[in-house]
Protein chains: 2
Amino acid sequence: MATIKDVAKEAGVSVATVSRVLNGTDRVRSETVTAVQNAIEKLNYHPNFLGRTLRRLETMKILVVLPTISNQFYSRVIRGIQSVAMQQGYHVMLVTTENDPEAETEYIEMVRRRLLDGIIFLFSTLDCVQIANLAAECPVVVASETIPGLTGVSSVTINNRAAAHDAVQFLIENGNRRIAYLSAGRLYGSSFERYEGTVDALHQAGLTIDKRLLLDEGLTYKAGRRAARRLLEMNDLPDAVFSASDAAAIVLMHTLMEEGILAGRDISVMGFDNNSIAEYYNPALTTVAQPQLEIGQKAMELLLKNIRNPDSPVEQLLLPHQLVIRESVRLTGKAGN
Amino acid sequence: MATIKDVAKEAGVSVATVSRVLNGTDRVRSETVTAVQNAIEKLNYHPNFLGRTLRRLETMKILVVLPTISNQFYSRVIRGIQSVAMQQGYHVMLVTTENDPEAETEYIEMVRRRLLDGIIFLFSTLDCVQIANLAAECPVVVASETIPGLTGVSSVTINNRAAAHDAVQFLIENGNRRIAYLSAGRLYGSSFERYEGTVDALHQAGLTIDKRLLLDEGLTYKAGRRAARRLLEMNDLPDAVFSASDAAAIVLMHTLMEEGILAGRDISVMGFDNNSIAEYYNPALTTVAQPQLEIGQKAMELLLKNIRNPDSPVEQLLLPHQLVIRESVRLTGKAGN
DNA sequence: CCTTTTCATGTAATCGGTTACATTATTATC
DNA sequence: GATAATAATGTAACCGATTACATGAAAAGG
């Protein structure tokens with residue numbers, strides 16, 4: 001591995017001159033430039049970033065923490081992050097924690113230790129205190145997910161409570177009164193907010209939630225299967241299921257279908273996120289869409305502000321959600337109450 | 001940001017002693033250890049990795065290059081990579097190129113410049129010469145995807161040609177004679193190998209491929225839609241469609257269904273990869289499974305060998321594939337020829 | 001009590017770059 | 001032609017750590 005010294009020797013100049021040629025920071029005689037470039041070519045030299053970043057104390061790289069990449073939702077958020085990052089000369093590294101807190105702290109150390117310039121959490125196993133402490137030391141943005149009790153850290157989310165409220169209200173307006181809620185319990189802050197929104201909407205319609213219909217099975221495909229089995233074990237199916245993820249909703253529909261229960265005809269199913277598969281599943285899934293691309297873009301913009309000016313004000317953005325009506329919810333027009 | 005010097009001053013010792021305490025490399029008097037630890041605590045000091053890795057010339061981190069994370073297939077491969085990496089104290093960073101060659105070279109520079117210890121390609125826009133050159137400079141493994149003409153670089157894949165052969169032979173055995181092939185054309189090396197396997201199986205059965213039935217629409221959901229539309233525009237549907245991805249196969253089924261054509265009854269559809277959705281779609285998708293987890297594990301093991309001993313021999317592993325028979329292919333027992 | 005080991009710690013070189021400052025060569029000005 | 005201004009390049013300090021080597025103190029051996 002050739003170093004800058006080898007290049008300097010080869011070109012017959014000092015390392016400082018080589019550095020100047022590499023960075024274009026200072027004037028260098030054109031013949032010298034040529035000599036250096038020839039030496040670089042000859043030795044197949046690639047500057048070692050570590051030296052540079054050690055001196056400059058910036059890496060032009062940021063970290064994004066995901067729970068898992070098997071959730072389709074994140075791909076579009078990441079595309080949003082990447083589009084802004086690229087434009088500004090930053091690179092994006094992804095890291096999945098698979099819900100392993102130890103793995104997460106290991107990666108966070110990389111930011112603390114200045115191997116990366118900032119961090120965007122799309123999920124975290126850390127609590128609000130830990131995240132706030134981290135944010136005091138380095139640039140942090142939380143996006144798409146919420147951390148209960150977190151203040152003083154910039155974030156970009158939808159209003160999960162309002163979104164769930166709208167979704168459940170839509171179910172109620174279409175004649176569904178007994179509504180099950182399928183989510184990940186307390187693992188995700190957003191799940192809990194959606195729970196609150198669900199309760200809000202039920203209360204507003206004079207309904208109460210049946211504890212047996214709170215299905216804390218998770219957000220995965222498998223969670224949908226478990227939830228469906230639990231429902232089937234009860235004697236009376238609910239009118240509707242509101243799932244905090246599309247993946248779970250789809251497998252729930254699939255499992256109910258095996259028993260001849262068709263979503264959109266025999267039961268209503270509402271998802272969350274508007275993954276591509278929601279559109280293509282049969283029956284197509286009615287769901288709540290999040291502006292994934294925009295969430296990513298805004299998150300990166302906030303992070304850049306924070307990197308460039310550590311004293312930039314904290315911003316907590318709420319982006320608009322949208323109900324996407326397809327086939328899986330029975331439409332009875334104005335009904336119910 | 002406190003540095004090791006600050007800690008040394010605070011504790012009244014030299015930086016060397018602080019470093020020794022941090023790394024446990026040498027004996028230090030227990031009172032001194034305590035003093036240093038107190039100073040670290042007091043200053044909230046976190047060692048800067050750059051200094052360390054600059055000196056040690058290793059980062060304990062590797063890079064995985066993906067085309068996109070919206071493809072479910074990669075999540076399990078990555079889990080395999082991560083399981084081995086974690087065990088060995090390595091960290092995994094992911095990077096998506098979204099088919100952007102410029103982005104890819106930027107990330108590769110990070111490995112060249114020793115910011116990362118090695119690289120696993122699950123996809124690449126580079127050609128075999130470029131990858132071979134890179135491999136001459138730093139540890140490289142290619143996994144799950146193949147690069148046409150690549151030699152001298154370790155790799156882990158299935159035998160795509162044989163897998164496609166098996167899949168198509170199964171279609172033929174069940175009475176399908178006119179078979180369409182849906183793939184990404186030349187973008188992925190594996191797609192082409194699967195094409196060759198398809199042709200092999202057809203030839204073997206005395207059949208030839210209809211050029212109009214070569215659908216190079218891609219591997220995405222949208223590709224499935226486009227392919228279905230093209231088929232619908234023809235007057236005579238094929239007996240079967242063999243898709244190089246499950247995602248495309250599923251949307252193809254969905255689109256055909258809109259016209260009343262049901263996979264498993266009116267047409268046969270065979271996917272590739274065995275994504276979770278293949279099991280849960282309705283009708284469930286018959287597909288070819290790859291040992292994703294094992295591909296990831298083996299890839300990381302090969303990379304580690306290469307990192308630890310740059311002269312370790314090149315290995316090109318072929319792992320077994322498996323046909324997963326579900327509902328989307330009509331079963332007529334022994335038929336056809 | 002003197003010499004040899006062992007232990008604990010400090011000093012300074014080093015990793016691969018960047019950059020403030022110094023130095024020398026060249027050109028411009030009067 | 002002497003002086004001042006400018007351009008090109010070199011020297012060496014520096015970023016934040018690690019570590020070979022040096023040093024001095026304490027313990028062990030005779």
Side-chain angles (χ1 to χ4, degrees), chain A residues 1-40 43-61 109-117 137-138, chain B residues 1-40 43-61 109-117 137-138:
Chain A
M1 198 66 183
T3 71
I4 199 169
K5 277 185 202 155
D6 303 325
V7 175
K9 193 185 291 180
E10 175 71 29
V13 299
S14 72
V15 291
T17 300
V18 176
S19 176
R20 280 187 269 260
V21 171
L22 286 170
N23 297 288
T25 46
D26 238 330
R27 257 179 242 255
V28 179
R29 202 150 49 95
S30 66
E31 300 134 61
T32 313
V33 172
T34 314
V36 170
Q37 282 170 342
N38 286 343
I40 288 173
L43 298 175
N44 190 28
Y45 166 73
H46 294 270
N48 180 325
F49 265 133
L50 271 65
R52 176 176 308 183
T53 56
L54 178 56
R55 188 64 212 252
R56 288 201 182 150
L57 298 179
E58 65 174 16
T59 66
M60 300 303 280
K61 270 165 216 79
E109 280 299 285
M110 291 180 59
V111 185
R112 255 211 185 95
R113 297 174 183 204
R114 303 290 140 170
L115 214 50
L116 299 162
D117 292 345
E137 292 180 56
C138 52
Chain B
M1 197 68 184
T3 70
I4 197 168
K5 278 185 203 153
D6 302 325
V7 175
K9 194 185 292 179
E10 176 72 28
V13 298
S14 72
V15 292
T17 301
V18 177
S19 176
R20 280 187 270 260
V21 171
L22 287 169
N23 298 289
T25 46
D26 239 330
R27 260 178 241 254
V28 180
R29 202 152 46 97
S30 67
E31 301 135 60
T32 313
V33 171
T34 315
V36 169
Q37 281 170 342
N38 286 341
I40 288 174
L43 299 174
N44 189 27
Y45 165 73
H46 294 269
N48 180 325
F49 264 133
L50 271 66
R52 177 178 306 184
T53 56
L54 177 56
R55 186 62 214 254
R56 289 199 182 151
L57 297 179
E58 65 175 13
T59 65
M60 301 303 279
K61 271 166 215 77
E109 280 299 286
M110 293 180 59
V111 185
R112 258 212 183 94
R113 297 173 183 206
R114 303 289 141 170
L115 214 49
L116 299 163
D117 291 345
E137 292 180 57
C138 52

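In what follows, every chain begins at residue 1, and chains take the letters A, B, ... in the order their sequences are listed.
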List every contact pair, protein side and nucleotides 13-16 of chain C side both N or O, where the distance is under 3.5 Å.
unit_1, atom_1, unit_2, atom_2, d
C/dT14, O2, B/Arg55, NH1, 2.8
C/dG16, N2, A/Gly51, O, 3.2

Side-chain donor-acceptor pairs under 3.5 Å in residues 19-27 of chain B, sequence neighbours left out?
unit_1, atom_1, unit_2, atom_2, d
B/Ser19, OG, B/Asn23, ND2, 3.4
B/Asn23, ND2, B/Ser19, O, 2.8

The helix from C/dC1-D/dG30 to C/dC30-D/dG1: angle between its terminal axes, five pairs each, to 10°? 50°
Atom CG of B/Asn23 and atom C1' of D/dA17: how far apart are they, to the nearest Å? 9 Å
Below 3.5 Å, can you tabulate the donor-acceptor pairs from side chains in residues 30-39 of chain B to any protein atom, sequence neighbours excluded?
unit_1, atom_1, unit_2, atom_2, d
B/Glu31, OE1, B/Arg29, NH1, 2.8
B/Thr34, OG1, B/Ser30, O, 2.7
B/Asn38, ND2, B/Thr34, O, 3.4

Protein-nucleotides 23-28 of chain C N/O pairs closer than 3.5 Å?
none

Could you tell me the separation between the CZ atom of A/Arg20 and the P atom of C/dC21, rounded to a whole number of Å? 14 Å
Name each donor-acceptor pair under 3.5 Å that joins a side chain in residues 4-13 of chain A to protein atoms two or more places apart or in another chain, with its distance.
unit_1, atom_1, unit_2, atom_2, d
A/Asp6, OD2, A/Thr3, N, 2.9
A/Glu10, OE2, A/Lys42, NZ, 2.9

Nucleic acid contacts - residues 26-38 of chain B versus DNA chain C, non-hydrogen atoms under 4.0 Å: B/Arg27, B/Val28, B/Arg29, B/Thr32
Test side-chain contact (heavy atoms from CB on, under 4.5 Å) applied to A/Ser14 - qualifying residues, sequence neighbours left out: A/Ala16, A/Thr17
Which residues within residues 10-18 of chain B lie with some heavy atom under 4.0 Å of an atom in DNA chain C? B/Gly12, B/Val13, B/Ser14, B/Ala16, B/Thr17
